[in-house]
Each structure stands twice: as structure tokens, then as C-alpha cells.
Amino acid sequence: MMLLLMCAVSMNAQKSKVSDKEIIGTWMMKSMQWEGEKVIECGKEKGYTQFKYYGPDGEYACAEIVLKKDGQLVIYPHEYGTYTFKNGVYSEMGRPSIEGNLVFVDKNTFKGTWFTRHDVWKKVALPDKVVKQIVSSCKTKDTPDDVQQLIKKHIFK
């Protein structure tokens, strides 16, 4: 019985109580780990990270950022849409909410789970110009249908 109580206290201590509003801002992936594999650190030394933006009105953007060996920076937009985060329950892009798929360690760090990959994210302050560029890239990731038709008509005749 004592062991169960200690485990419950330990699990609750891992979840930091923070306001739902703490998610608002820009976040960079610190590490990721597929189940059964080693932790992969992200950042300058690896030349790879992921970016997430959570706006105060529910706006959401996600992108991969790669720094190539030749110094060229590439932004790979992943998705753009909306998120919700209320009472610890998180959902993005209208996908079903899963309680515990985003857990705050403290107000500047959260852990997330995507399928069988466990991520650690750090809140970062970035210049507005950088955030706007990455979010803009995510917004325009999907080519509108009318433009796709024009491309097919004029380029892939």
C-alpha cells in the first residue's frame, strides 16, 4: 500500500501545475525518443529541430528546421491550423484529445507524445520576424486547389 502511495505522489510530482495560458508562445524541440531507442538531441550540433507556435487565439503552426552542413537553413512546414489546451487536455488540428499527451514539467518545458515518440520541448523567445516567417511558411504549405490546377495545366501538360 505504501509503495502505491509513493508511486502516486511521484507521478503527481512529475506534472507541474501551470496555467493553460503557459502554452502560448514559441517552442523548440529539445529532444525526441522513439520507444525502445536512444534519445536524439536536437539543436545546433545536430542541425535539426522542430518549431511549434501557439497563439493566444488558438492559432497553431509546426515546422521542421534543418541547418545543412553547407550552412543553408531550410524550413519544412509541417502543418498550420488550430489547437486547444484546457485543464491539461491538449488537441491540435482537430485531432482527438488525449489526456496526458502534453505534460508540463515547468512553465518553460513540456513533454509530448506523438504515436510512439516522446518529445521534450523548450519555450524560447524568438524575434517576431522569425516567428512570422515560419508561421507564414506553414500557412502557405498547402497549395490551393485552383493553383494546383493551373500548375497541372501549364507545367505538367
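For clarity, every value in this text was computed on a predicted model and none was experimentally measured.
Of all the heavy atoms in T109 and W27, the pair that sits closest is N-CZ3, 3.9 Å. Residues K123 and E22 share a closest heavy-atom pair of NZ-O, 2.8 Å. Residues P96 and S91 approach most closely at C-OG, 4.4 Å, considering heavy atoms. Looking at every heavy atom in both residues, V131 comes nearest to F51 through CG1-CZ, 4.4 Å. Shown here for C138 and A63, the closest heavy-atom pair between the two residues is SG-CB, 3.8 Å. Across every non-hydrogen atom of L126 and V130, the tightest pair is CD1-CG1, 4.3 Å.
Follow the hydrophobic side-chain contacts under 4.5 Å out from L73 and you never reach Y76; the two are in separate clusters. Residues Y54 and F104 fall within the same hydrophobic cluster, defined by Ile, Leu, Val, Met, Phe, Trp and Tyr side chains chained together at heavy-atom separations under 4.5 Å.
Judged by distance alone, with hydrogens and angles left aside, the side-chain atoms of Y48 form no donor-acceptor pair with the main-chain N or O of E41 at under 3.5 Å. Put simply, the side chain of N101 never gets that close to the backbone of T113: no donor and acceptor are under 3.5 Å apart.
Between M32 and V120, the closest side-chain pair of non-hydrogen atoms is not below 4.5 Å. R117 places a side-chain heavy atom less than 4.5 Å from the side chain of D119. Using a 4.5 Å cut-off on side-chain heavy atoms (C-beta onward), L102 and I23 make contact.
Around the NZ atom of K30, the shell of radius 6.0 Å holds no more than 12 heavy atoms that belong to other residues, nucleotides or ligands.
Cluster partners of F115, using a side-chain heavy-atom cutoff of under 4.5 Å among ILVMFWY residues and allowing indirect links, are W34, W114. In the hydrophobic clustering, V39 connects to no other residue, as no ILVMFWY side-chain heavy atoms lie under 4.5 Å from its own.
The salt bridge (charged side-chain N to carboxylate O under 4.0 Å, His left out) pairs that include a residue from residues 125-135 number zero, where partners must be two or more places apart or lie in different chains. Applying the salt bridge (charged side-chain N to carboxylate O under 4.0 Å, His left out) test to every pair with at least one member in residues 46-55, sequence neighbours left out, gives these pairs: K52-E92. Residue pairs meeting the salt bridge (charged side-chain N to carboxylate O under 4.0 Å, His left out) criterion with at least one member in residues 68-82, sequence neighbours excluded: E79-R95.
With sequence neighbours left out, Y53 forms a ring-ring contact (aromatic ring centres under 6.0 Å, His included) with no residue at all. Residues forming a ring-ring contact (aromatic ring centres under 6.0 Å, His included) with Y80 (at least two apart in sequence, or on another chain): none. For T140, there are no side chain to side chain contact (heavy atoms under 4.5 Å, CB included) partners at least two apart in sequence or on another chain. Looking at residues two or more places apart in sequence or on another chain, you find a side chain to side chain contact (heavy atoms under 4.5 Å, CB included) between T49 and M28, M29, C42, I65. Every residue two or more places apart in sequence or in another chain was checked for a side chain to side chain donor-acceptor pair (under 3.5 Å) with Q33, and none qualifies. For E45, the side chain to side chain contact (heavy atoms under 4.5 Å, CB included) test picks out no residue, with sequence neighbours left out. Residues that satisfy the side chain to side chain contact (heavy atoms under 4.5 Å, CB included) test with E35, not counting sequence neighbours, are T116, H118.
The aromatic rings of W121 and F110 sit parallel, their planes meeting at an angle under 30°, below the 60° perpendicular limit.
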Requested in this report: Using the side chain to side chain contact (heavy atoms under 4.5 Å, CB included) rule, take Q149 and H154 through it: C-alpha gap first, then chi angles, then the decisive distance, then the call.
Outcome: CA-CA 9 Å; Q149 295 308 316; H154 295 282; over 6 Å; no
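In this structure, Y60 has its ring center no closer than 6.0 Å to that of F85.
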